[in-house]
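Take a look at the structure set out below.
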Amino acid sequence: MPNSSDQHGDRIQPRTLKGFRDYLPEVMILRERLIETAQKIYRSYGFAPIDTPALEYLDILLGKGSEETDKQLYQFEDHGGRSVGLRFDLTVPLARFVAQHAATLGMPFKRYHIGTVWRGENTQRGRYREFLQCDFDTIGTESIVADIETVLVIHDLFRAIGFSRFTILVNDRRVLSGLLQNLALGRQEPAILRALDKLPKIGLDHVADEIISCSGASMKQVDRILAFAGLEGSNRNILEKIHSMIAGSAIGESGARSLDQFLAGVIAAGVPTERVQLDPAIARGLDYYTGTVLETRLDDLPEIGSVASGGRYDSLVDLFAKQKLPGIGASLGLDRLLAAMDALGMTQPVRTPADVLIPYFERDHLGDYLQLAARLRESGLAVEVFPDAKKLGKQLQYANRRGHRVAIILGANEFAGGICQVKNLASGETSAVPLTETLSEIVLEISRVLEINRNQ
RNA sequence: GUGGUUGUAGCUCAGUCGGCUAGAGCGCCAGAUUGUGGUUCUGGAUGUCGAGGGUUCGAGUCCCUCCAGCCACCCCA
């Protein structure tokens with residue numbers, strides 16, 4: 001082409017891979033807020049932060065989640081010919097981590113880990129190939145206290161984020177195993193659980209068909225399974241029925257006893273009963289779960305799926321260490337949660353993290369503006385100085401669009417009078433405040449305006 | 001990964017049967033108003049029509065491939 005060498009021809013098209021995204025400030029501010037909330041809640045229970053590499057040896061990651069997760073693994077050879085993979089969750093790397101560092105960590109070990117994970121699967125709303133998980137886990141104890149705490153943390157976290165309408169669905173894999181054992185279907189467990197997992201989505205009839213076709217179970221067996229999975233009522237009610245249906249199976253009974261203690265503990269800790277629902281159909285797709293399993297659904301947006309889930313994995317670390325290191329934990333799917341909050345209109349766009357803008361008004365007073373900003377920051381405020389001495393109206397317009405809450409107007413008149421105007425950008429009101437040595441009046445006035453805004 | 005569907009300005013979208021230089025609203029920039037924003041008025045800029053190829057005298061429009069979004073399956077956060 002004759003003009004292929006002009007300004008367009010050789011340019012690289014800016015683009016991102018399917019399922020991978022850029023985060024603009026108004027999204028990133030929300031993400032960071034959620035991260036901060038999660039950190040705060042996790043720390044309040046004694047979970048300590050760790051980090052691990054994004055890339056692991058392939059054999060660390062393969063065969064841990066399920067056949068499906070193996071397929072979704074991003075894997076390749078590095079420059080040294082090593083087979084490596086990007087982590088698809090934070091739990092498997094944690095198992096490796098504790099196996100490697102158990103001696104120095106001490107048990108029980110409680111950690112949180114906020115990090116990116118990658119899954120090469122097809123995208124959808126709330127479903128990406130690169131996304132952030134916020135995990136917390138307790139390693140090295142089989143105590144039901146750890147299971148109970150897992151629910152408490154999720155509950156506190158969702159409350160802190162601002163949700164009231166959510167349900168934490170819980171179950172124990174062992175009661176499902178017990179049931180299938182009693183029905184002599186133990187060998188087909190994975191396939192049956194997978195079918196069962198779809199119950200809320202495709203209904204009893206379709207699940208029945210699928211169980212029969214995947215496991216060869218008889219109608220009678222299927223009826224028993226569906227009767228079990230479809231149990232409804234209060235948690236106490238369901239528990240009683242579970243107890244009777246898995247009677248005789250050692251593993252089933254241990255699961256049911258565990259559920260008793262688990263639910264009692266959760267309620268004792270103050271979680272409202274309606275937020276914790278025992279659901280015998282919850283199975284989870286990852287192979288490493290051995291006991292308690294849980295999912296969190298938003299009552300107003302159930303179709304987006306689980307936004308926080310996890311469970312107990314008492315044998316996962318066995319794959320990496322001789323020492324018996326049981327674990328339990330859960331993961332908040334931050335990007336999915338954000339997609340849900342967006343769909344629910346819970347995300348008010350914020351474009352700036354700075355409450356205060358100082359317009360650059362008098363060209364000759366740059367030093368004064370910079371000094372004022374610096375001193376206001378010392379008192380804990382986030383302050384931005386506009387870089388160009390444009391018309392005041394332009395600068396206020398900028399402040400308005402960006403979402404600054406306060407502008408400090410300081411021109412020739414104010415300098416002469418030894419004052420400044422503190423302008424509430426939401427209401428338009430200004431008040432003249434003396435520019436004193438300590439700036440205490442200004443800080444007080446800004447705080448007052450911010451407080452008014454916050455209460456609106 | 002499979003199937004369906006969509007892709008036109010920063011955003012939401014129109015664009016007839018294939019036919020002139022691709023439009024609207026909102027937003028953006030400038031001015032009205034060189035010391036006070038959000039309202040109003042006036043003016044202005046902005047598109048490789050998702051990308052590449054094909055059919056045609058002629059393609060935003062038809063065909064193929066690819067890329068991306070959405071939905072379903074699968075699986076999951």
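Naming convention: chains lettered A, B, ... in sequence-line order (proteins, then strands); numbering from 1 in each chain. Because the structure is a prediction, the values reported are computed rather than measured.
Along RNA chain B, the nucleotide closest to A/E362 and the one closest to A/L337 are compared, and the more 5′ of them pairs with A/E362.
The C1' atoms of B/A9 and B/A24 are separated by 11 Å, rounded to the nearest whole Å. On the P atoms, B/C73 is 27 Å away from B/C64, given to the nearest whole Å. For B/U8 and B/A14, the C1' atoms lie 10 Å apart once the distance is rounded to whole Å. Across B/U48 and B/G1, the matching C1' atoms stand 32 Å from one another, rounded to whole Å. A gap of 29 Å separates the C1' atoms of B/G23 and B/C66, to the nearest Å. The gap from the C1' atom of B/C11 to that of B/G19 amounts to 30 Å, rounded to the nearest Å. As rounded to the nearest Å, B/G15 and B/U61 have C1' atoms that lie 9 Å from one another. B/U39 and B/C28 have their P atoms separated by 9 Å, given to the nearest Å.
If you check the side chains of A/E149 and A/T138, you find no donor sitting under 3.5 Å from an acceptor. For the residue pair A/R21/A/Y23, the side-chain donor-acceptor check at 3.5 Å is satisfied. With hydrogens and angles left out, the side-chain atoms of A/E189 and A/S177 include a donor and acceptor closer than 3.5 Å. Counted by atom type alone, A/D78 and A/Y57 present zero donor-acceptor pairs between their side chains at under 3.5 Å.
In this structure, the CZ atom of A/F88 is 16 Å from the C1' atom of B/C74, given to the nearest Å. Protein atom OH of A/Y398 is 17 Å distant from nucleotide atom C1' of B/G38, rounded to whole Å. Atom CZ in A/R194 sits roughly 11 Å away from atom P in B/C74 (whole-Å rounding). Spacing between atom CZ of A/R15 and atom C1' of B/C67 amounts to 7 Å, rounded to whole angstrom units. Rounded to whole Å, the distance from CD on A/E68 to C1' on B/G1 is 9 Å. As rounded to whole Å, 16 Å separates atom C1' of B/A68 from atom CD of A/E130. Separating the CZ atom of A/R351 from the P atom of B/C11 is a distance of 14 Å, rounded to the nearest angstrom. As a whole-Å value, the separation of A/D209 CG from B/C73 C1' is 16 Å.
Counting any heavy atom pair closer than 4.0 Å across all strands shown, A/G19 reaches sugar-phosphate atoms only and no base atom. Among the protein residues, A/A308 comes within range of the sugar-phosphate backbone only, with heavy atoms under 4.0 Å from sugar or phosphate atoms but none that close to a base. Within the nucleic acid shown, A/G411 comes within 4.0 Å of at least one base atom, counting heavy atoms only. Within 4.0 Å (heavy atoms only), A/L425 reaches at least one base atom of the nucleic acid. Counting any heavy atom pair closer than 4.0 Å across all strands shown, A/E414 reaches a base atom. Nucleic acid contact for A/G120: none, since no nucleic acid atom lies under 4.0 Å from a heavy atom of the residue. Base contact: A/N413 has a heavy atom under 4.0 Å from a base atom.
Residue A/K394 places none of its side-chain N or O atoms closer than 4.0 Å to OP1 or OP2 of B/C29. Side-chain N/O atoms of A/T123 include one lying less than 4.0 angstrom from OP1 or OP2 on B/G69. Phosphate contact (OP1/OP2 of B/C76, side-chain N/O of A/Q72, threshold under 4.0 Å): absent. Contact check, A/R127 against B/C70: no side-chain N or O comes under 4.0 Å of OP1 or OP2.
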| request: Run the numbers on A/R312 and A/S258 for side chain to side chain donor-acceptor pair (under 3.5 Å), then give the verdict. | output: CA-CA 12 Å; A/R312 184 168 269 285; A/S258 174; over 6 Å; no
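The base of B/G69 lies outside donor-acceptor range of the side chain of A/Q124, with no N or O pair under 3.5 Å. Side-chain N/O atoms of A/R336 and base N/O atoms of B/C76 include a donor-acceptor pair closer than 3.5 Å. No hydrogens or angles were tested; on distance alone, nothing pairs the side chain of A/K391 with the base of B/U34 as donor and acceptor under 3.5 Å. Taking 3.5 Å as the limit, the base of B/U36 and the side chain of A/Q421 contain a donor-acceptor pair of atoms between them. Taking only distance into account, the side chain of A/R125 never meets the base of B/C71 through a donor-acceptor pair shorter than 3.5 Å.
Residue A/F361 has its side chain nearest to B/G35 when only B/G35, B/A72, B/A30 are considered. In this structure, the nucleotide among B/G69, B/G37, B/A30 sitting nearest to the side chain of A/L396 is B/G37. In this structure, the nucleotide among B/U36, B/G37, B/G35 sitting nearest to the side chain of A/T430 is B/U36. In the set B/G69, B/C76, B/G1, the nucleotide with an atom closest to the side chain of A/K18 is B/G69.
A cation-pi arrangement is found for A/K110 relative to A/F47, the charged atom lying closer than 6.0 Å to the ring centre and inside a 45° cone about the ring normal.
Under a 3.5 Å cut-off, the side chain of A/R405 and the backbone N or O of A/D355 do not form any donor-acceptor pair.
Pairing each heavy atom of A/Q395 with each of A/K390, the nearest pair is NE2-O, 2.8 Å.
In this pair, A/H365 and A/F415 present their aromatic rings parallel. The plane angle is below 30°, not in the 30 to 60° band.
Other residues, nucleotides and ligands contribute at most 12 non-hydrogen atoms within 6.0 Å of the CZ atom of A/R187.
Taken together, the paired segments of RNA chain B that extend over three or more consecutive Watson-Crick or G-U pairs, each closer than 3.5 Å at both contacts, are B:1-7 with B:67-73, B:10-13 with B:23-26, B:28-32 with B:40-44, B:50-54 with B:62-66.
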